[in-house]
J.: 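What follows is a single structure, and I will ask about it in a moment.
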Amino acid sequence: MNLSRPARVALWTALAAGLGVVYVPLLIVLLNSFNADRTFGWPPTGFTVRWWEAAWNSAGVREALWTSVQAGVGATAIALVLGTMVAFAIQRYAFFGRNTVSLLIVLPIALPGIVTGIALNNAFRTVLEPFGVGLGLFTVIVGHATFCVVTVYNNMLARLGRLGASVEEASADLGADTFTTFRLVTFPMVRSALLAGGLLSFALSFDEIIVTTFTAGAGVRTLPLWIFENLFRPNQAPVVNVVAAALIILSVVPIYLAQRLSGGGAGTR
Amino acid sequence: MDQGLDRDQGLIPAAGVPAPAAPAVSPPHGKEPTLNTTATAGRAPRRRLAAFLHRHAGVRLSLLLSAPMLWLGVAYLGALAALFVTAFWSTDTFTGDLVKEFTWANFQDLFTGEVYRTIALRSVGVAAAVTLIDLVIAFPMAFAMAKLASPRAQRWLVIAVLTPLWASYLVKAYAWRIMLSSDGVLGWGYGLTATVLTLSYLWLPYMILPIYAGLERLPGSLLEAAGDLGARGWRTFRTVVWPLTFPAAVAGSVFTFSLSLGDYIAVKIVGGKSQLIGNVVYDNIGAANNLPFAAAVATVPVMIMLVYLTAVRRTGALENL
């Protein structure tokens with residue numbers, strides 16, 4: 001493309017500056033987790049790994065981490081099943097209300113989180129509590145699954161669109177029944193999209209705080225809830241710093257894996 | 001007969017499916033009876049079920065949609081509807097119990113209260129500002145990524161943009177708390193400006209990615225053609241690039257706008273004393289224990305988003321989400 005030299009330079013500068021702004025605050029958090037000072041002050045006064053040890057040994061942090069993992073796995077499992085089903089329905093069939101269904105899938109993330117949060121909170125308390133099911137890990141999983149469906153759905157929809165239906169038709173022509181075709185032909189072709197969608201769902205659930213606030217009962221604390229509770233407690237500041245820093249480092253993992261799994265295709269969503 | 005059934009129910013292949021190997025009469029349906037009816041007779045139930053499913057596209061579709069529609073259509077929409085109904089109830093001021101009688105009082109309070117109008121307008125203003133800031137920052141970044149970078153660099157740049165997207169929301173908000181605190185790196189202090197800044201930072205990747213995807217789909221030859229026809233950079237942008245990437249930008253704006261509109265946590269972390277709609281909802285559930293009023297307040301962002309979604313549906317933006 002024939003852009004003038006100044007235009008190119010300006011665009012590259014914008015990209016570099018943008019990435020700079022994206023990374024500097026995260027680096028500050030990383031740096032700050034090694035700050036010897038108990039209270040935050042810029043610049044850091046000295047280097048220490050003491051807070052990392054404290055965070056590692058913190059029972060609250062460990063418990064919250066485990067809760068987050070359970071919630072993430074549960075929500076992802078549900079989202080994988082539901083998201084895949086809808087993606088097949090939308091991609092392979094034309095039916096009345098198809099657009100409405102695709103809008104419905106997007107709705108839980110298109111509406112502000114607080115709305116989804118109180119709607120679910122209200123529903124759980126009026127419908128589930130009479131049956132003795134209080135707010136807890138189960139309701140957190142249900143809440144998370146509701147908005148995780150869309151990530152799986154998006155990944156699957158994109159993959160199915162690229163594949164087309166011809167291979168499945170060929171399989172049917174060769175005498176394979178519906179289930180055999182799915183097991184031997186369709187599933188292997190969509191496996192990596194499923195994994196990528198699942199990873200992103202997990203990351204989404206792991207990070208979610210607003211819906212979690214409203215669906216977790218008194219005893220259930222995910223990692224984001226733990227951070228938020230301790231954010232304003234001055235004596236917990238160093239540990240919060242470490243947990244934040246650890247999360248920044250950990251966030252590289254799902255994105256790296258999803259990138260690998262999507263077979264080098266750029267847009268992972 | 002099978003095809004007749006399919007056609008009766010309007011179950012033609014979905015429009016989006018590329019159909020190079022699918023002629024007007026779909027082969028499997030045509031062959032099915034001769035190939036499989038004899039083969040399946042008396043076989044295991046699984047085989048019969050497969051044959052049945054194969055022949056009845058309507059049943060297949062219903063099965064595929066059943067669970068997701070029960071979950072999202074009944075449970076989720078049901079919850080939203082119940083919330084909406086609750087907005088017309090009230091709470092007993094003394095006992096704090098729900099009074100399940102229809103009343104407009106919540107909405108009257110909401111619309112006549114000067115405070116709420118200010119907060120609603122402020123929230124929309126913040127959401128619009130965040131969306132605009134993100135658009136202005138994201139477009140050049142996405143353009144450089146999609147059209148100037150080499151394919152190899154492109155992959156790394158996408159990762160570089162995606163990684164902070166999956167860094168925790170709270171960590172990012174917290175990072176800005178550190179940056180902005182009075183003894184922090186920037187030391188600008190907290191408030192509405194800090195909120196806009198933090199929210200723009202939080203949702204920036206949600207704007208970059210759709211625009212990048214949109215630009216990637218835009219053939220380079222189109223830009224060259226525009227150049228050959230004498231258009232300079234700005235004119236090419238205005239007449240070719242922008243109209244074609246507009247739906248992608250709108251898709252990004254759905255996220256930035258909606259996420260900003262409902263946020264109350266970043267506001268608590270860096271907002272100082274300023275409040276947005278989300279805070280009013282939250283405080284009315286927690287401290288004030290007034291679920292009906294919280295529900296009434298929550299309908300405001302929902303209405304705004306529904307209007308927004310309906311308005312942008314025609315641009316095809318929702319397919320870009």
Side-chain angles (χ1 to χ4, degrees), chain A residues 1-4 7 11-12 14-15 18-19 22 25-26 28-29 32 41-42 82 85-86 88-89 91-95 104 106 110-115 118-120 122-123 146 161 164-166 169 172-173 177-179 203 207 209 224 227-228 244 247-248 251-252 254-255 259 266-267 269, chain B residues 11-12 14 16-18 21 27-28 47 50 53-54 61 64-65 67-68 71-72 76 79-80 82-83 137 140-141 143-144 147-148 158-160 162-164 166-171 174-176 178-179 183-185 209 213 223 227 233 254 258 261-262 278 281 285 294 298 301-302 305 321:
Chain A
M1 177 186 174
N2 53 347
L3 271 177
S4 65
L11 283 167
W12 278 120
L15 180 59
L19 282 174
V22 166
L26 298 177
I28 302 271
V29 173
N32 201 32
W42 189 257
L82 298 184
M85 289 168 90
V86 194
F88 268 98
Q91 179 63 43
R92 294 288 158 85
Y93 302 88
F95 55 92
L104 181 63
V106 180
L111 289 184
I114 192 161
V115 175
I118 58 167
L120 291 176
N122 185 27
T146 304
S166 51
E169 280 163 9
D173 283 352
D177 70 28
T178 307
F179 300 122
D207 185 30
I209 175 150
I227 298 178
F228 192 56
L247 283 180
I248 291 173
S251 65
V252 180
I255 203 62
Q259 193 72 21
R269 283 179 352 112
Chain B
L11 294 160
I12 47 166
V17 180
R47 188 103 176 113
L53 285 177
H54 185 87
L61 176 64
L64 280 178
L65 283 175
W71 189 289
L72 290 168
Y76 178 69
L80 282 180
L83 183 71
I137 299 176
M141 285 179 76
F143 194 89
K147 294 293 169 214
L148 298 184
V158 171
I159 295 176
L162 273 171
T163 308
W166 296 106
S168 168
Y169 163 98
L170 269 179
V171 171
Y174 178 59
W176 279 95
I178 293 181
M179 296 280 287
D183 51 0
V185 183
L209 286 172
L223 302 182
V254 170
S258 161
L261 205 56
V281 177
I285 294 175
V302 173
M305 276 322 291
L321 285 180

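All chains are named by letter (A, B, ...) in the order of the sequence lines, taking the proteins before the strands, and each is independently numbered beginning at 1.
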J.: Pick one of side chain, backbone, both or neither for Tyr76(B), based on which atoms fall under 4.5 Å of a heavy atom in chain A.
T.: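 Just its side chain gets close to chain A.
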J.: Return the CG to CZ distance between Asp177(A) and Arg47(B), rounded to the nearest 0.5 Å.
T.: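 Answer rounded to 0.5 Å: 5.0 Å.
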J.: Please classify the contact of Leu80(B) with chain A as side chain, backbone, both or neither, using a heavy-atom distance under 4.5 Å.
T.: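 Both backbone and side chain.
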J.: When heavy-atom pairs shorter than 4.5 Å are enumerated against chain A, which of Pro301(B), Pro68(B), Ala67(B), Ala175(B) gives the highest number?
T.: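 Going by pairs under 4.5 Å, I would pick Pro68(B).
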J.: Quick check for you: among Ala294(B), Gly262(B), Gly278(B), which has the greatest number of heavy-atom pairs under 4.5 Å with chain A?
T.: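 Top count of heavy-atom pairs under 4.5 Å with chain A: Gly262(B).
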J.: Check whether Ala7(A) gets within reach of chain B through its side chain, its backbone, both or neither, counting any heavy atom under 4.5 Å.
T.: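 Contact with chain B: none, neither part.
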J.: Indicate the atoms forming the closest heavy-atom contact of Trp12(A) with Ala144(B), along with that distance.
T.: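 Answer, listing the atom of Trp12(A) first, then Ala144(B): CH2-O, 4.4 Å.
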J.: As an exercise, state the distance from CD1 of Ile178(B) to CG of Asn32(A), rounded to the nearest 0.5 Å.
T.: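 It comes to 4.5 Å.
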J.: Among Ala82(B), Ala298(B), Ala160(B), which residue forms the greatest number of heavy-atom pairs with chain A at distances under 4.5 Å?
T.: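 Looking at each option in turn, the highest pair count goes to Ala160(B).
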J.: To the nearest 0.5 Å, what is the distance between CG on Leu26(A) and CD1 on Ile248(A)?
T.: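 Result: 4.5 Å between the selected atoms.
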J.: Return the option, out of Pro224(A), Ala123(A), Gly113(A), Pro25(A), with the maximum number of heavy-atom pairs under 4.5 Å with chain B.
T.: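 Ranked by contacts with chain B, first place is Pro25(A).
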J.: Where do Tyr93(A) and Leu65(B) land on the side-chain contact (heavy atoms from CB on, under 4.5 Å) test, with the steps shown first?
T.: CA-CA 11 Å; Tyr93(A) 302 88; Leu65(B) 283 175; over 6 Å; no
J.: Under a 4.5 Å heavy-atom cutoff, which of Val86(A), Leu120(A), Ile118(A), Leu19(A) has the most pairs with chain B?
T.: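 Between Val86(A), Leu120(A), Ile118(A), Leu19(A), the count favours Ile118(A).
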J.: Quick one: are Ile209(A) and Phe228(A) in side-chain contact, heavy atoms under 4.5 Å?
T.: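 Counting from C-beta outward, Ile209(A) and Phe228(A) do come under 4.5 Å.
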